[in-house]
There are 2 protein chains.
Amino acid sequence: MDDAALRFRARMKPFKTNAMKKTLPKQRSKTKHAKTARRRAAAPARKRIRLDPELRSGQILRGAIAFFAERGFGGQTRELAQQLGISQGLLYRYFPTKESLIEQIYEELFVKRFKPEWDTLLTDRSVPLLDRLTDFYRDYSEMLHDDEWGRIYLYSGLGGSSIARRFATHVTQSIFTRVIDELRHDCGVPGVAGKPMSEPEAELMWGLHGSIFYIGIRKSVYRVEPPRDIAGTVRRMVENFYDNGRELMRVSAS
Amino acid sequence: MDDAALRFRARMKPFKTNAMKKTLPKQRSKTKHAKTARRRAAAPARKRIRLDPELRSGQILRGAIAFFAERGFGGQTRELAQQLGISQGLLYRYFPTKESLIEQIYEELFVKRFKPEWDTLLTDRSVPLLDRLTDFYRDYSEMLHDDEWGRIYLYSGLGGSSIARRFATHVTQSIFTRVIDELRHDCGVPGVAGKPMSEPEAELMWGLHGSIFYIGIRKSVYRVEPPRDIAGTVRRMVENFYDNGRELMRVSAS
DNA sequence: GACGCTATTGATCATTTGACCAATAATAAT
DNA sequence: ATTATTATTGGTCAAATGATCAATAGCGTC
């Protein structure tokens with residue numbers, strides 16, 4: 001028992017040192033009494049702002065997206081709370097765990113931001129295909145090139161989140177199939193219903209998506225100067241894709 | 001003082017519970033005596049393997065690359081040590097801090113794996129340009145598509161490491177300039193010495209790199225089926241790039 | 001203006017985690 | 001064999017980190 005007591009004493013002493021390294025955490029007396037007065041003297045005494053729960057949870061979610069996009073999901077709840085100007089404990093009133101907060105972020109970014117109208121936009125054959133493609137990718141790339149979206153998409157993928165994988169495959173199946181079908185129709189070739197998408201066709205699509213998304217990676221991850229004219233660059237990429245695609249159709253037909 | 005003692009006791013009890021959750025850490029008696037026999041009985045009693053420091057540090061570095069590529073740099077040193085089959089403390093004999101270990105990883109991946117001969121390969125005008133480009137990108141993409149390389153490149157970039165940024169800009173300046181210069185020469189247009197690389201030219205290069213790297217991202221990050229024929233896909237991307245590039249030169253000239 | 005509801009806070013807990021160190025055991029030298 | 005050297009280990013510390021909770025104070029209601 002005395003050996004344990006020794007360890008205890010040894011442990012207690014540096015605790016003070018530890019605390020002093022941070023931003024004046026408390027400096028409190030041993031007794032629990034007179035704590036209010038003491039606390040007000042030592043701490044900055046945050047002004048308490050009472051918000052409607054709806055507003056507060058939205059504020060936290062938005063703040064968390066910005067915070068985790070910057071720091072990764074290893075970012076600490078204390079720092080997030082500080083950045084939001086609220087206490088750390090409050091986070092747990094709106095989100096039972098850090099993990100659940102992250103789940104909400106996924107929902108917000110990867111589910112809610114996927115627009116179903118993209119599909120109808122791509123299939124409106126009253127508009128020339130190249131125009132449809134240009135319009136679609138202009139809008140789509142706005143999402144891809146958003147700093148927060150891109151970084152969290154990468155963090156979630158690296159972390160092995162199933163939703164990132166699901167998003168990636170879903171995009172493949174829905175958009176890729178649609179575009180190739182339209183491209184084939186544009187070239188007078190039978191659609192994907194008859195002959196499924198070939199690997200070169202799929203890779204042509206991946207190539208376009210990769211080059212467009214990479215603009216975002218460059219900008220949001222490696223902080224390398226993006227093109228001054230992003231829209232123009234995307235347009236040119238789509239045009240190249242269109243040319244290469246028509247050429248591929250011609251070659252594949254023979 | 002008694003209040004402190006209380007806290008101590010309260011603190012001590014769960015320690016045992018905690019320990020039990022892990023893989024049988026110790027279960028040791030209060031006295032320091034008879035520890036060897038006790039320890040051998042309780043713990044798996046790791047067989048001590050003594051290695052040449054050169055070998056050991058290399059083993060640790062290689063293991064750390066695999067480990068952090070999978071887990072990200074938030075991965076814990078204890079788990080890394082376990083995966084290596086060594087004690088956690090040993091890591092600190094070879095690398096003073098976790099941070100320094102990570103620095104070594106950067107050195108290994110982003111400095112040592114950059115091949116200077118790539119430049120000479122690209123400029124050998126006795127070989128047709130398209131062949132040079134195909135050869136270069138076949139070799140270069142081998143690095144880009146390596147699971148560990150790609151994931152750590154992304155993690156380091158997201159983490160804001162300066163070396164990731166430096167690597168990205170260095171690639172731009174050295175490879176991009178070289179390729180565009182060769183492409184211009186191939187089209188009978190004045191080189192980059194006279195007229196610097198234009199934004200469309202740079203973006204054409206970024207597009208190629210993006211689409212090639214994205215194959216790796218797809219494979220290593222999102223675990224989406226990569227093309228069965230990666231080399232062929234890369235070749236096709238280079239061919240498309242070459243065609244689009246020549247077209248761009250033709251248009252730019254007018 | 002007192003009251004009640006509940007959003008908010010600061011303190012605290014249990015555990016995790018990077019780092020450190022004294023003791024130990026391979027291996028080489030004698 | 002004995003000894004010297006040092007690679008290796010288990011244990012430990014200080015700090016950090018997700019989570020919990022009793023106390024508190026902002027805001028609407030009467």
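Each chain gets a letter, A, B and so on, in the order the sequences are listed, and its residues count up from 1.
Put simply, A:Y92 has no side-chain N or O that comes within less than 4.0 Å of OP1 or OP2 on D:dT20. Between B:S87 and D:dT8, a side-chain N or O to OP1/OP2 separation shorter than 4.0 Å is absent.
For A:E148, the side chain to side chain contact (heavy atoms under 4.5 Å, CB included) partners two or more places apart in sequence, or in a different chain, are A:I65, A:A66, A:A69, A:D146. For the salt bridge (Lys or Arg N to Asp or Glu O under 4.0 Å) test, no residue two or more places apart in sequence or in another chain qualifies with B:R62. With sequence neighbours excluded, the residues satisfying side chain to side chain contact (heavy atoms under 4.5 Å, CB included) with A:R78 are A:Q88. Among residues two or more places apart in sequence or in another chain, the side chain to side chain contact (heavy atoms under 4.5 Å, CB included) test is passed with A:T233 by A:I215, A:P227, A:R236, A:M237, B:E199, B:E203. Listed by chain and number, the residues in a side chain to side chain contact (heavy atoms under 4.5 Å, CB included) with A:T177 are A:Q173, A:V192, A:M197 (sequence neighbours excluded). Remark: A:E108 pairs with A:K112 by the salt bridge (Lys or Arg N to Asp or Glu O under 4.0 Å) rule, at least two apart or across chains.
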Only pairs under 3.5 Å count here: list side-chain donor-acceptor contacts from residues 114-121 of chain B, not counting sequence neighbours, and write none if there are none.
{"from": "B:K115", "atom 1": "NZ", "to": "B:D139", "atom 2": "OD1", "distance (Å)": "3.3"}
{"from": "B:K115", "atom 1": "NZ", "to": "B:D139", "atom 2": "OD2", "distance (Å)": "3.1"}
{"from": "B:W118", "atom 1": "NE1", "to": "B:D139", "atom 2": "OD2", "distance (Å)": "2.8"}
{"from": "B:D119", "atom 1": "OD1", "to": "B:R178", "atom 2": "NE", "distance (Å)": "2.8"}
{"from": "B:D119", "atom 1": "OD2", "to": "B:R178", "atom 2": "NH2", "distance (Å)": "3.1"}
{"from": "B:T120", "atom 1": "OG1", "to": "B:E117", "atom 2": "O", "distance (Å)": "2.8"}

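In this structure, of C:dT8, D:dT20, C:dG18, it is C:dT8 that holds the atom nearest to the side chain of A:L90. You'll find that the side chain of B:Q76 is closest to C:dT17, out of D:dT9, C:dT17, D:dA19. For B:R78, counting side-chain heavy atoms from C-beta on, the closest listed nucleotide (C:dT9, D:dG18, C:dT17) is C:dT17.
Taking the six-membered ring for Trp, A:W149 and A:F167 have ring centres closer than 6.0 Å. Proximity of the aromatic rings of A:Y153 and B:Y222 is defined here by a centroid distance below 6.0 angstrom, and this criterion is met.
In this structure, CZ of A:R93 is placed 14 Å from P of D:dA22, rounded to the nearest angstrom. The NZ atom of A:K98 sits 8 Å away from the P atom of D:dA19 (whole-angstrom rounding). Whole-Å rounding puts the B:L91 CG to D:dG10 C1' distance at 14 Å. Rounded to a whole Å, the CZ atom of B:F67 is 10 Å from the P atom of C:dT17. Distance B:L80 CG to C:dT16 P: 18 Å, rounded to the nearest Å. For the pair B:Q88 CD and D:dT9 P, the interatomic distance rounds to 11 Å; values are reported in whole Å. Spacing between atom CD1 of B:I86 and atom P of D:dG10 amounts to 11 Å, rounded to whole angstrom units.
Backbone-only contact: B:Y94 has heavy atoms under 4.0 Å from sugar-phosphate atoms and none from a base.
Residues from residues 52-64 of chain A that place a heavy atom under 4.0 Å from any atom of DNA chain C, listed by number: A:P53, A:R56.
Sorted by first and then second residue, the salt bridge (charged side-chain N to carboxylate O under 4.0 Å, His left out) pairs involving residues 86-105 of chain A (not counting sequence neighbours) form an empty list. Within the structure, the side chain to side chain donor-acceptor pair (under 3.5 Å) test picks out the following pairs touching residues 155-166 of chain B (sequence neighbours left out): B:S162-B:R166.
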- request: Check step by step if side chain to side chain donor-acceptor pair (under 3.5 Å) holds for A:Y137 and A:H209.
  value: CA-CA 9 Å; A:Y137 279 108; A:H209 280 243; 2.8 Å; yes

Show me the protein contacts with nucleotides 26-28 of chain D, counting only N or O atoms at under 3.5 Å.
{"from": "D:dG26", "atom 1": "N2", "to": "A:R50", "atom 2": "NH1", "distance (Å)": "3.1"}
{"from": "D:dG26", "atom 1": "N2", "to": "A:R50", "atom 2": "NH2", "distance (Å)": "2.6"}
{"from": "D:dG26", "atom 1": "N3", "to": "A:R50", "atom 2": "NH1", "distance (Å)": "2.9"}

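Defining each end axis of the helix from C:dG1-D:dC30 to C:dT30-D:dA1 as the rotation carrying four pairs' C1' atoms onto the next four, with five pairs an end, the two axes are found to diverge by 10° to 10 degrees.
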